[in-house]
**Q** 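Take this structure first; my questions come after.
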2 protein chains.
Amino acid sequence: MSDRLVVHHIPVCPFSQRLEILLALRGQEHAVDFRVVDITKPRDPALLAKTRGTTALPVLEASDGTILKESLVILRYLDEVLEGGPLRRTDPREHAVESMLIAPEGPFTTAGYLFVLNQDPERRQEHRDKLLRLYRDIDGFLTEHSPVGPYLFDDFGLAEAVFTPMFKRFWFLTYYEDFELPDEDGYQRVGAWQKACMAHPATGQVSEEEIVKLYYDYALGAGNGALVDGRKVSSFAFDPKWQDRPWPPRDKYAGTASDAELGLVG
Amino acid sequence: MSDRLVVHHIPVCPFSQRLEILLALRGQEHAVDFRVVDITKPRDPALLAKTRGTTALPVLEASDGTILKESLVILRYLDEVLEGGPLRRTDPREHAVESMLIAPEGPFTTAGYLFVLNQDPERRQEHRDKLLRLYRDIDGFLTEHSPVGPYLFDDFGLAEAVFTPMFKRFWFLTYYEDFELPDEDGYQRVGAWQKACMAHPATGQVSEEEIVKLYYDYALGAGNGALVDGRKVSSFAFDPKWQDRPWPPRDKYAGTASDAELGLVG
């Protein structure tokens, strides 16, 4: 097992789930040794030294000690080295098409996270509009390149592995912002894609309940394990387990519930 | 020639030069039919229809009509389909390393362009500091992965093809902002890389004089062929040719020279 790949990750992190989906599709869940980083605690200095001070995760350690960062870089690397046929389209033109769909994943992710983090009720509509515009862009792309669907090509592929973790994180928008895709022109194709992606059996690493409970502090404006004012335990804490906690209040603009109300006191 | 690839591009555009460098390295300059788009004129409706309304260039038309956008997507596509060995590292770990180096090309490009476009003398230092920080990040990366150099691996490769056009555009910063990499720790490795990239014989598609003359309007805050107040001809005009015009004034904060002074009146 000495040449097993090591990935340092945050459980429930969407960037890590991309890798987990790939491993599930290949039946290679044990090819990677995942090491959990608790973002509610100071970072291990040994890991910080390996990453030259950056804290973004996941990080892959290759067997020769090379450190790989950036989830898309790691995803494509694993896709090349894991046993079994690649997830990427082997045809260069088709691969270029899936890469074009992947290209705006950064702005898409950012728009969703800024929306859940938003604390100004006056700016809710602006955040909603921005995210919906990005959904419409994807709708237009899929309508051009894959009008029938539901996937971009004949099956769940690389672009689906990239976007599905974000679609599942956006459960926090459904819960805390009543966000839903409108049932109208401009969203039908992307809506069908999102639905098929989220229903795929290789993407079940997280549940809606888990996302809603863990990301409660994001909805209060505190990301990456930061503490909300007046609280002593992060909603990202591993203990008590999310399964043992009650669902948090939906009204994010009403201020925080207490640690006790959130079931965060063991 | 019916299956020749068509690329719609702006001459002197750095995103297009990435493709031209790849073609030069492969000795395949004639594999692509470049069609010139004049950004000082309204966009051809037929091309706009093909791109579903987006105006970013370059755009590649594959022989089956598929439209490919995003210079990195097109670059990787051409790298896969052109004759000859690929520019990308064939070893997956090495390819992941070059992909990590490429990942911040967007912020790097943006920082350089916002610096040349800046019109507020009070903000020059802020722009300089931001760009220098990005150079130091690259310096750290190269020092870790390729301490001797000058390239990331043994020869000019994919990351070099991505960054060299930006290094050459930044001649506009040398000329209009007196920008130079400091001769001190934190810049030596990236400085050596930049120098080797810019000297490589496959990267001679543009000259310093050409960049300085064509991007004069960028230095006055007008990008993408937009007109500077008080002027009637863009510095990006094809006619009169840049070779027949004088060098523009260096002091971008003193206001525009006239069309006549710039040699833009035929």
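Please read all numbers here as calculations on a predicted model, not as lab measurements. Order of the sequence lines fixes the chain letters, A, B, ..., with proteins taken first and strands second; residue numbering starts at 1 for each chain.
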**Q** So what's closer than 4.5 Å to chain A heavy atoms on B:R76: side chain, backbone, both or neither?
**A**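 No part of B:R76 comes within 4.5 Å of chain A.
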
**Q** Using ring pair (Phe, Tyr, Trp, His ring centres under 6.0 Å) as the criterion, point out the one residue from A:Y113, A:F167, A:F179 that pairs with A:F172.
**A**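 With A:F172 as partner, A:Y113, A:F167, A:F179 yield a single ring pair (Phe, Tyr, Trp, His ring centres under 6.0 Å), made by A:Y113.
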
**Q** Between A:R189 and A:S146, does any side-chain donor sit less than 3.5 Å from a side-chain acceptor?
**A**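 Checked: A:R189/A:S146 side chains pair up, N/O donor to acceptor below 3.5 Å.
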
**Q** Within residues 98-109 of chain B, which residues come under 4.5 Å of chain A, heavy atom to heavy atom?
**A**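 The residues closer than 4.5 Å to chain A, in numerical order, are B:S99, B:M100, B:A103.
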
**Q** With sequence neighbours excluded, what pairs up with B:F34 under the ring-ring contact (aromatic ring centres under 6.0 Å, His included) test?
**A**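 Result, ring-ring contact (aromatic ring centres under 6.0 Å, His included) vs B:F34: B:H9.
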
**Q** If you compare all heavy atoms of B:Q17 against all heavy atoms of B:T203, which two are closest, and at what distance to 0.1 Å?
**A**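 The pair with the smallest heavy-atom distance is NE2-O, 3.3 Å.
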
**Q** Using 0.5 Å steps for rounding, measure from the CG atom of A:L142 to the CD atom of A:Q194.
**A**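 The CG atom of A:L142 sits 11.0 Å away from the CD atom of A:Q194.
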
**Q** With side-chain hydrogen bond (donor to acceptor under 3.5 Å, both in side chains) as the test, would you mind laying out the steps for A:N118 and A:E126 before giving the verdict?
**A** CA-CA 10 Å; A:N118 173 53; A:E126 177 189 327; over 6 Å; no

**Q** Kindly say whether the aromatic ring centers of A:F236 and A:Y218 come within a distance under 6.0 Å.
**A**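 Between A:F236 and A:Y218, the centre distance is under 6.0 Å.
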
**Q** Which of residues 130-137 of chain B get closer than 4.5 angstrom to chain A, counting heavy atoms alone?
**A**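 The stretch touches chain A at B:D137.
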
**Q** Inspect the contact between B:D154 and B:R89 and indicate whether a charged nitrogen and a carboxylate oxygen are less than 4.0 angstrom apart.
**A**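 Here B:R89 pairs with B:D154 in a salt bridge, since their nearest N and O are under 4.0 Å apart.
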
**Q** Does A:E29 have any side-chain hydrogen bond (donor to acceptor under 3.5 Å, both in side chains) partners at least two apart in sequence or in another chain, and if so, which?
**A**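 Partners of A:E29 by the side-chain hydrogen bond (donor to acceptor under 3.5 Å, both in side chains) criterion come out as none, since no residue qualifies.
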
**Q** Step through the shown structure and confirm whether more than 12 heavy atoms of other residues, nucleotides or ligands are within 6.0 Å of CD on A:E184.
**A**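 Yes, the 6.0 Å shell around CD holds more than 12 heavy atoms from other groups.
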
**Q** Would you mind telling me which of A:E70, A:R52, A:E80 has the largest number of heavy-atom pairs within less than 4.5 Å of chain B?
**A**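 Most heavy-atom pairs within the cutoff with chain B belong to A:R52.
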
**Q** Can you say whether B:D79 sits under 4.5 Å from chain A via the side chain, the backbone, both, or neither, judging by heavy atoms?
**A**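 Contact with chain A involves no heavy atom of B:D79 at all.
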
**Q** For the pair B:K50 and B:E61, find out whether any cationic side-chain nitrogen is under 4.0 Å from an anionic carboxylate oxygen.
**A**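 Between B:E61 and B:K50 there is a salt bridge, with a charged N closer than 4.0 Å to a carboxylate O.
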
